[in-house]
Amino acid sequence: MRYKRVFFAILILSLLYCNMSIKSVFSYNFGHQPSNELVWRCNICDTEKLYTIFGMNWSSSGFFEHIDQGKKMKWEIISLEKEEGKLNLTVNNWKWQSENTWANTTNQKSYWYYSNPSEYPNNYNLSKNFPYIKLWLPLPMSEYVSKLNLNQIYNIDDRVLFTIYIDVESDYISNNNPSQAINVIAIFNENGFLSIFKIYLQGNVVLLDISLEYIPIYAIPIVILIFGFLIGAILFYIFYLRPRR
Amino acid sequence: MSVLELFTETKNTLVLFWQRKIFRIAIFIQIVYLSLSIVLFFLLLSNQNDFIIFYESSKLIFTDIGSLYDQTKYLWDFRYFPLSAFFFIPFSILDFEASFVIFNILNFFINILIILLLYKIIILVKGKDHERDNKRVILYISLYLMAAPHILNYIHGQINLYVTFFILASLLIFLSRNSNASNFLASLILGISIIIKPTTVFLVPFLLLIRFDLKTKKFEFNFIKSFIRILGLLLPVSLNFIFFFLYPRLWNGFLATNFTGSNASALNFSFSLTKLIINFCFYFNLPYSQLWVLITIVGITGILGFSFYVIRKKMKHSIIYGYTLGILIMFLTYFDTWDHHLLNLIPLLIIIIFNLPRKEIMVNLFKRGLFFFNFLDIVFIGAWFLIYVIFPFNFLPTIVLAICLYGVFRVLTQNLEKLQGEVTFHEI
């Protein structure tokens, strides 16, 4: 009898869920607070090949300005504003540099998105210039990007990590630029900021690798715990469970 | 057996299960999983589940079948055989929310069918030295129902349970009957499972009735039955090729999505050996070809697995181990092996635990594997999200899969004939 009641309660609940039209109205948001700092590091930069593929001026302006292996770029978030139908992120921007100390900067930049993603046109590119991404996305990313009608060069995979693949055919940017087809992989973290960025040649040869300098405080203890579990299981097997003939 | 007899037998079996407290708890847990998936679907995940892909694919069948593998039409890639889309046509008639709920309720009932099949198989193959009563069998069946991978299977709206159902149905027929017609039927059912999801594709070589006796250096090969089995399996699978022939775009799309597309290189918690290698190359910026990694790993584990199967000692119910090898090879080699896929493997591990003599030392190994996959594996997926920035390798489940593979190799090369009884020819 008791079970019958529980069963019917669950059944009624399920039916209720079906009837309820719970349509979440997303209010897109920022994943960081003002004064947060973000530092990206360039781990690999195959300058020679990049020159060959994108031409001599590829790192003279824009996102890649002065980029090289080992250099770092920093954002300090100044303000996060929702106004006039826009999500506006303003940052102090330190371009790619070798020093670990960050002098005062006057290079302030704003990056914005429409609060309503359907305001963007069809075949939209996230950015006008190569690599056709911005360094941040509004949250929830999957919801926001799914509402965009992106250009066919984009392929989104948000099954596990939010990942944007961009397939750039040769001559896509301009004549002989790039001189051969390349692929871009951009992985965003749970806060909506670019955490891993790679440019690949065919055959998964890495030309450029950038990553966010961020190790969560809990990551190292958890890795140690996992290895501890493995070693513990092996020792337990050897000393207690191993069959002795 | 008439329908009425079948119904009575099913009812009696379920009544027998229901008398055990552990089974009632397991059913309660299943209902919690199901309810949780429905709540999460309506609150958070209505745009973020695998069922969307199946639902959309079935709609494309009517509107634009040539674009079945045009991935811009989906949230995530559609990577199954074209005929699998037909399977979801009944759901596409309903609106999306209703079809998700009905699909998951059906998943629950498929689970009931699975445990009935599992019970029948265990009773059929249970070793002589196991308990005569069925308490332990019901305990393990309940453990299957409690398995944590069910949560993700329900939440994603995945189709693994249908595959498991067809695997067990074909296995039951193989084990209980030996006529040519039943061999054909069992293979046909397995072929349907491949259509739904190609997880079972590596089971194909293990349908061959072939054995090489290392002592006598003699081959035993039942050509006719092997041929019937392969024919039965290929029949439903080959129907897909009609679509590939009519729409050549589909063939290219199918190949690109499954073997060379960008999804294969995505950083994720898949615990296949292939994925661990690809994650390693991705993390350390080493050039790689995902197709060659796949071919190499399939080649090594596949040849190893099939060789052990061919040189096995005479044993009863060898097909159980063939099925398990096929699934283990698939899980170790294909790019995406996720927690919910384990629902294909867990029932086979349970069958092995009951098939092996109780004093066989490998039983403990399979038991530990079962408990790991049932309850612990999901923890390591959670852990992966916390550590992927510095360590993107979900390697512990891979080790457990490899240990299970080793366990099957050991069983196949042991002399179990004395413990199992004399082996008839068709059971070689």
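Within every chain, numbering begins at 1; the chains are lettered A, B, ... in the order of the sequence lines, protein sequences first and strands thereafter.
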Heavy atoms under 4.5 Å from chain A: which residues of residues 372-380 of chain B carry them? B:Phe372, B:Leu376, B:Phe380
Which answer fits A:Asp158, side chain, backbone, both or neither, if we ask what part of it has an atom under 4.5 Å from a heavy atom of chain B? both
Can you see whether B:Lys275 engages B:Asn394 through a side-chain donor-acceptor pair at a distance of less than 3.5 angstrom? no
Part of B:Leu286 within contact of chain A (heavy atom distance under 4.5 Å): backbone
Which atoms of A:Leu225 are under 4.5 Å from chain B, going by heavy atoms: the side chain, the backbone, both sets, or neither? neither
Side chain, backbone, both or neither: which part of B:Trp384 has a non-hydrogen atom closer than 4.5 Å to chain A? side chain
Find out whether A:Leu161 and B:Phe269 are in side-chain contact, i.e. whether some heavy atom of one side chain is under 4.5 Å from a heavy atom of the other. no
Identify which part of B:Phe385 has an atom lying under 4.5 Å from any heavy atom of chain A, answering side chain, backbone, both or neither. side chain
Given that the side chain runs from C-beta out, which part of A:Ser195 has a heavy atom under 4.5 Å from chain B: side chain, backbone, both or neither? side chain
Is B:Ile390 in contact with chain A via its backbone, its side chain, both, or neither, using a 4.5 Å heavy-atom distance? side chain
Side chain, backbone, both or neither: which part of A:Tyr154 has a heavy atom under 4.5 Å from chain B? neither
Residue A:Leu201 versus chain B: region with a heavy atom under 4.5 Å: neither
Under 4.5 Å from any heavy atom of chain A, what part of B:Phe41 do you find: side chain, backbone, both or neither? neither
Hey, what's the ring geometry for A:Tyr113 with A:Tyr144, parallel, tilted or perpendicular (30° and 60° as the breaks)? perpendicular
